[in-house]
Amino acid sequence: MDVERSCRSKHVYLTKAHAKAVVRLMGARHRDQFHLYACGECGYWHAAHLVPAYLRARQVPAFERPAVRVA
């Protein structure tokens, strides 16, 4: 797991109660649904978007850029 992406670029919450309060506020302000989870890497709590199953299952093609020639 990439700790740089998973922990350092996200908000961390010290307790589950604080994370729950933040998820409740974010859910009231936005139409998106959020969930909280305990991170195995840093030991704190994070909040994330709840992604529907049909989007998780969708295959995304790899990004390929054509080679550029320098004359």
Side-chain angles (χ1 to χ4, degrees):
M1 178 180 277
D2 184 12
V3 178
E4 191 69 34
R5 168 73 178 114
S6 66
C7 298
R8 294 184 186 154
S9 64
K10 295 181 180 178
H11 290 283
V12 295
Y13 305 101
L14 300 178
T15 64
K16 184 176 181 178
H18 185 216
K20 270 183 147 176
V22 170
V23 166
R24 223 177 285 121
L25 281 172
M26 289 187 334
R29 290 183 184 178
H30 305 285
R31 289 185 174 184
D32 300 339
Q33 292 181 340
F34 299 93
H35 76 280
L36 56 100
Y37 62 96
C39 181
E41 296 295 320
C42 67
Y44 295 116
W45 292 84
H46 298 293
H49 289 273
L50 189 61
V51 180
Y54 73 91
L55 289 177
R56 284 194 313 264
R58 191 172 68 183
Q59 294 291 328
V60 178
F63 177 75
E64 293 182 16
R65 179 179 288 181
V68 178
R69 282 196 172 181
V70 179

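Nothing fancy with the numbering, it's 1 onward along the sequence. Hydrogens, waters and symmetry mates play no part in the numbers below; they use all other heavy atoms, side chains included.
Within 6.0 Å of atom NE2 in His18, 12 or fewer heavy atoms from other residues, nucleotides or ligands are found, so the atom counts as exposed in its surroundings.
Placement of Val12 and Val23 in two distinct hydrophobic clusters is found when ILVMFWY residues are connected by side-chain heavy-atom separations under 4.5 Å, directly or transitively.
The two atoms that bring Trp45 and Thr15 nearest to each other are CD1-C, 3.7 Å, heavy atoms only. Taking each heavy atom of Tyr37 and Ala48 in turn, the nearest pair found is CE2-CB, 3.8 Å.
Here the side chains of Tyr44 and Leu14 are in contact, with some heavy-atom distance below 4.5 Å. Inter-residue side-chain proximity for His46 and Leu36 is flagged as unmet; no heavy-atom pair is nearer than 4.5 Å.
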